[in-house]
Novice: 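Got a structure here, written out as C-alpha cells. Questions coming.
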Amino acid sequence: MPELPEVEVVRAGLAPAVVGARVVGVEAHDARALTRHAGTPAEFEARLTGRTFGGTARRGKFLWLPLDEASPAGAPEAVMVHLGMSGQMLLRAAGAPPERHERIRIAIEHPDHGELAVVFADQRTFGSLAIDALIPTPDGRAGGSGHDAPLVPQQAAHIARDPLDPAFDDALFRRRLVMKSSAIKRVLLDQTVVSGIGNIYADEALWAARIHPESLARGLATRTVNRLLAEVRAVLAKALAEGGTSFDAQYVNVNGEAGYFAHSLNAYGRHGKPCPRCGRMIVRTSFTNRSSHFCPFCQRVRAVQGREAASADH
DNA sequence: CTTCTCACCTGCGCGC
DNA sequence: TGCGCGCAGGTGAGAA
C-alpha cells in the first residue's frame, strides 16, 4: 500500500501497539524481504530480539521504528520499512496463523497490551525491512512525521521531505522545478525532489491543478506551481482522512481493513469515463512502464519546449 | 552532471 | 478450463 497516505495509515496504526514494546522473537522466513538489510536473516533476527521500539516515524513512503537502545557501537538505529508495491504491516494476536505472503514476523510484548505479532506480508517482494543507522538531519528538524528526533535512516536520507511535513521547503521545491527539463509528472514522482507521491496521487493532483502530465516542469509559472503544490497537499490529506486508496485486499491498514479513497478518484483508473469537471472522456497514455490518466480538455500542455524561458518568471 | 530505461517479483483479469 | 498476455500502488543500478 504504497503512497504517502497509505504508509501514514500504517504508521499511525502501528504506533499504539509498538511504541514501548519489546521484541521477544523474530522469524525472517524470506531473505527477499531483507534486501535493504546489510546482514543475513539470522543476523537480523538476533540483532532485533530483545530490543524496544521507541517510536514510529515516516517521511514520504519510508517508515521507520526507532529503537531505544543504541547499536553496540553506540549509534542510534531503527527498523526501516519500505512497503514497495504490495507490502503490508499487520498487527495480529500472538501465535496467529501465517498470513498469505508472510515474509517476516516480529513477536512483541507491550506493557499495556501484552503479546502481539507484527507481520510483514508482501506479494511482490519489492518491499523490505532493514535495521539501519539513524543519522542527523542537515536542517536539525525532525526526520519525519510521528517522531520528534532530528534523525533519519541512512537509507532514507537522500529522499526529500514530503509536502505534509512542516519542514518542507516550498521555495526550494520551486527552485528545483525550474532546473528540471523533464515532464512535470516525472518530477512529482522523483522522491529526491518531493517524496510521498506515487502514480495515483500524481495523476489526481495534476487533474485537480489542471496541468497536463507531459508539461515541461521548468516551463510552469510560479502561480501554477503553487496551485499544484496546494492540490498535492489537498489530495494527500483527503486520501489520508479516508484511510487511503484500496482497489482490492492488497492495500489495507494494520488490521487488514481497506481505505475508501478509491471512491473519490477523479482521474486515476477512470479512462473511458467522463471527467467529473467537464464531462469529456478521461484518457490513459503509457508513461515509463506505467500509465497516466488525465482529461485532455481540462489539462492542456501549456509549457512548450523553447518558449518556457521567456515566460517562466512570474 | 542529468535523465531515462529496465529489472526486480507475484498474481489477477482478460481474450482466445 | 487452460494459456498467454498485459497490467499493477516503487525503487534504484546502470546506461545514455
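So that the names make sense, note that chain A is the first sequence line, chain B the second, and so on, each numbered from 1.
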Novice: Using the side-chain contact (heavy atoms from CB on, under 4.5 Å) rule, pick out the option among A:L63, A:L90, A:N253, A:V81 that qualifies with A:L14.
Specialist: A:L63
Novice: Whole Å only: how far is the NZ atom of A:K185 from the C1' atom of C:dG9?
Specialist: 11 Å
Novice: Quiz question: by atom type and distance under 3.5 Å, do the side chains of A:H101 and A:D122 form a donor-acceptor pair?
Specialist: no
Novice: Using a strict 4.0 Å threshold on nitrogen-to-oxygen distance, state whether A:R141 and A:D139 make a salt bridge.
Specialist: no
Novice: Between the side chains of A:E231 and A:R227, is the shortest nitrogen-to-carboxylate-oxygen separation below 4.0 Å, so that they form an ion pair?
Specialist: no
Novice: Is A:R22 salt-bridged to A:E109, going by a charged N under 4.0 Å from an acidic O?
Specialist: no
Novice: Which residues, if any, of residues 189-198 of chain A bring a heavy atom under 4.0 Å of DNA chain C?
Specialist: A:Q191, A:G198
Novice: Send over the distance from A:E3 CD to C:dG9 C1', rounded to a whole Å.
Specialist: 6 Å
Novice: Distance between the P atoms of B:dC1 and C:dT11, in whole angstroms?
Specialist: 23 Å
Novice: For a 4.0 angstrom threshold against heavy atoms of chain A, report the outermost contacting nucleotides of DNA chain B in 5' to 3' order.
Specialist: B:dT3 to B:dC12
Novice: In terms of side-chain geometry, is the basic nitrogen of A:D203 or A:K185 positioned less than 4.0 Å from the acidic oxygen of its partner?
Specialist: yes
Novice: Cation-pi between A:R280 and A:F297: NZ/CZ under 6.0 Å from ring centre and within 45° of the ring axis?
Specialist: yes
Novice: Once you round it to whole Å, what is the distance between C1' of C:dG10 and CG of A:L63?
Specialist: 15 Å
Novice: Give every residue pair that meets the ring pair (Phe, Tyr, Trp, His ring centres under 6.0 Å) criterion with at least one member in residues 115-166 of chain A, sequence neighbours excluded.
Specialist: none
Novice: Using a 6.0 Å distance limit plus a 45 degree cone around the ring axis, check whether A:R277 lies over the aromatic ring of A:W207.
Specialist: yes
Novice: Tell me: CD1 of A:I200 to C1' of C:dG9, nearest whole Å?
Specialist: 5 Å
Novice: Paired stems touching DNA chain C, three or more consecutive Watson-Crick or G-U pairs with both distances under 3.5 Å?
Specialist: B:2-8 with C:10-16, B:10-16 with C:2-8
Novice: Report the residue (A:F126 or A:R186) whose heavy-atom-nearest nucleotide on DNA chain B is the more 5′ of the two.
Specialist: A:R186
Novice: Could you state the CG-C1' distance from A:D203 to C:dA8, rounded to the nearest angstrom?
Specialist: 13 Å
Novice: Mind telling me whether A:H37 and A:F44 have parallel, tilted or perpendicular rings, with 30° and 60° as the class edges?
Specialist: perpendicular
Novice: Closer than 4.0 angstrom, basic N to acidic O: yes or no for A:E69 and A:R51?
Specialist: yes
Novice: Check nucleotides 12-14 of chain C against the protein and report each pair of N or O atoms closer than 3.5 Å, with its distance, or say if there are none.
Specialist:
| from | atom 1 | to | atom 2 | distance (Å) |
| --- | --- | --- | --- | --- |
| C:dG12 | OP2 | A:H158 | NE2 | 3.3 |

Novice: Looking just at side-chain N and O atoms, do A:R174 and A:T222 make a donor-acceptor pair shorter than 3.5 Å?
Specialist: no
Novice: Suppose you measure atom P in B:dC9 against the same atom in C:dG14; what distance do you get, rounded to whole Å?
Specialist: 15 Å
Novice: Is A:E99 salt-bridged to A:R92, cutoff N-O under 4.0 Å?
Specialist: yes
Novice: Near DNA chain C, counting only heavy atoms under 4.0 Å, which residues of residues 282-296 of chain A show up?
Specialist: A:R284, A:R290, A:S291
Novice: Does the cation-pi check pass for A:K238 over A:F261, that is, NZ or CZ under 6.0 Å from the six-membered ring centre and within 45° of its axis?
Specialist: no
Novice: Return yes if a side-chain donor-acceptor contact under 3.5 Å exists between A:S86 and A:Y251, otherwise no.
Specialist: no
Novice: Base, sugar-phosphate or nothing for A:Y201? Non-hydrogen atoms, less than 4.0 Å.
Specialist: nothing
